[in-house]
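Here the structure is laid out as structure tokens; the discussion comes afterwards.
Computed over heavy atoms, backbone and side chain alike; hydrogens, waters and symmetry mates excluded. Every chain is numbered from 1, with letters handed out A, B, ... down the list of sequences. The structure presented is a predicted model; accordingly, all values stated were derived computationally and were not measured.
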Amino acid sequence: MRFATWNVNSLKVRLPRVEEWLAEVQPDVLAMQETKLADDAFPGLAFQAMGYDSVHHGQGQWNGVALLSRVGLERPVYNFAPGITPDHEARIVSATCGGVRVSSVYVPNGRSLDNDHYRYKLDWMARLREHVAAESTPSDDVIVMGDFNIAPDDRDVWDASAYEGGTHISQPERDVLGALVDWGMVDLFREQHDEAGLFSWWDYRNGDFHKGHGMRIDLVLGTASTAQRCSFSIIDRNARKRQQPSDHAPVLVDLDG
DNA sequence: ATGGTCGTTGCACGA
């Protein structure tokens, strides 16, 4: 089964790119972030015509997350699981697809270390850990994928000194990501590729993509049982080269069986 | 060189 995550930066603008990409890459499950759509504007019929069931958790204008699946889509949960303080923004949706409990997440950006949004980001990540622990145990097949807005270590940044004192690389952010790892999640892409300079996001400005100035902030986290089944993983940089690209590239992983 | 490009909505702001 092929799982993928893609921050599409407006599904309204990106739908043609997404449809092309689905036809070409044939993922079984796709997690999208930043759809920037209200639920009644989500193009579920277009995806149904391509063989995908879908769920969307949107708020319009900003944020918005979705899951597409052609291997079943059951027990959808919008927002965090019951019992966890709900998010006031649309940043997480979960469902069971092909026997795997999957979440599509859009972690808050943080903006700057002294900003309330940064504390919101850290709290959000703590709630994400609670969510995963509420829904599953580490021995289950679980995948949490999306735009984490955190570069796990300095290999994931083109120049760590350029981000010194900023978000995405700060130790508290890496620590809250580490709490998910401590619970039992593995960075599936990093399991297969240990070199530096493999990025999933490049700022639109200043020709950053062509200069190789990017970060790896789009992650596919999976429990040990999924890591054992993972046979292939890649960041599809080609999608970042096309017309009207998102500023993020899709990340995909293949699981055997 | 403290800029630049997108996407949203409106005549700025978030990423």
Next on the checklist: Of all nucleotides in DNA chain B that come within under 4.0 Å of a heavy atom of chain A, which is furthest toward the 5' end and which toward the 3' end?
Outcome noted: B/dG4 to B/dA15
Checklist entry - Between A/Lys12 and A/Asn109, who's closer to the 5' end of DNA chain B by nearest nucleotide? => result A/Lys12
Checklist outcome for this item: Residue pair A/His117/A/Thr35 against DNA chain B: nearer the 5' end by closest nucleotide is A/Thr35
Checklist outcome for this item: Heavy-atom nearest pair, A/Leu73 first then A/Ala95, reads CD2-CB, 3.5 Å
Rounding to an integer number of angstrom, what distance separates [N] and [M] when you compare their [atom1] atoms?
N: B/dG4; M: B/dG14; atom1: C1'; value: 16 Å
N: B/dT9; M: B/dG3; atom1: C1'; value: 24 Å
N: B/dG7; M: B/dA1; atom1: P; value: 31 Å

Item to check | Salt bridge present between A/Asp154 and A/Arg174 (N-O < 4.0 angstrom) | outcome: yes
Checklist entry - Looking only at atom types and distance, does a side-chain atom of A/Gln192 sit under 3.5 Å from a main-chain N or O of A/Cys230, one as donor and one as acceptor? => result yes
Item to check | Student check: side-chain heavy atoms of A/Met32 and A/Ser104 closer than 4.5 Å | outcome: no
Checklist entry - Taking DNA chain B as the partner, which of residues 148-168 of chain A come within under 4.0 angstrom of it by heavy atom? => result none
Checklist entry - Can A/Arg240 be said to sit on top of A/Phe209's aromatic six-ring, NZ or CZ under 6.0 Å from centre and within 45° of the ring axis? => result yes
Next on the checklist: Suppose we call two aromatic rings close when their centres sit under 6.0 Å apart. Are A/Tyr120 and A/His88 close by that rule?
Outcome noted: yes
Checklist entry - Under 4.5 Å between side-chain heavy atoms, hopping through other hydrophobics if needed: is there a path connecting A/Met215 to A/Val176? => result no
Checklist entry - What about A/Tyr106 and A/Trp124, same hydrophobic cluster or not, with Ile/Leu/Val/Met/Phe/Trp/Tyr joined at side-chain heavy-atom distances under 4.5 Å? => result no
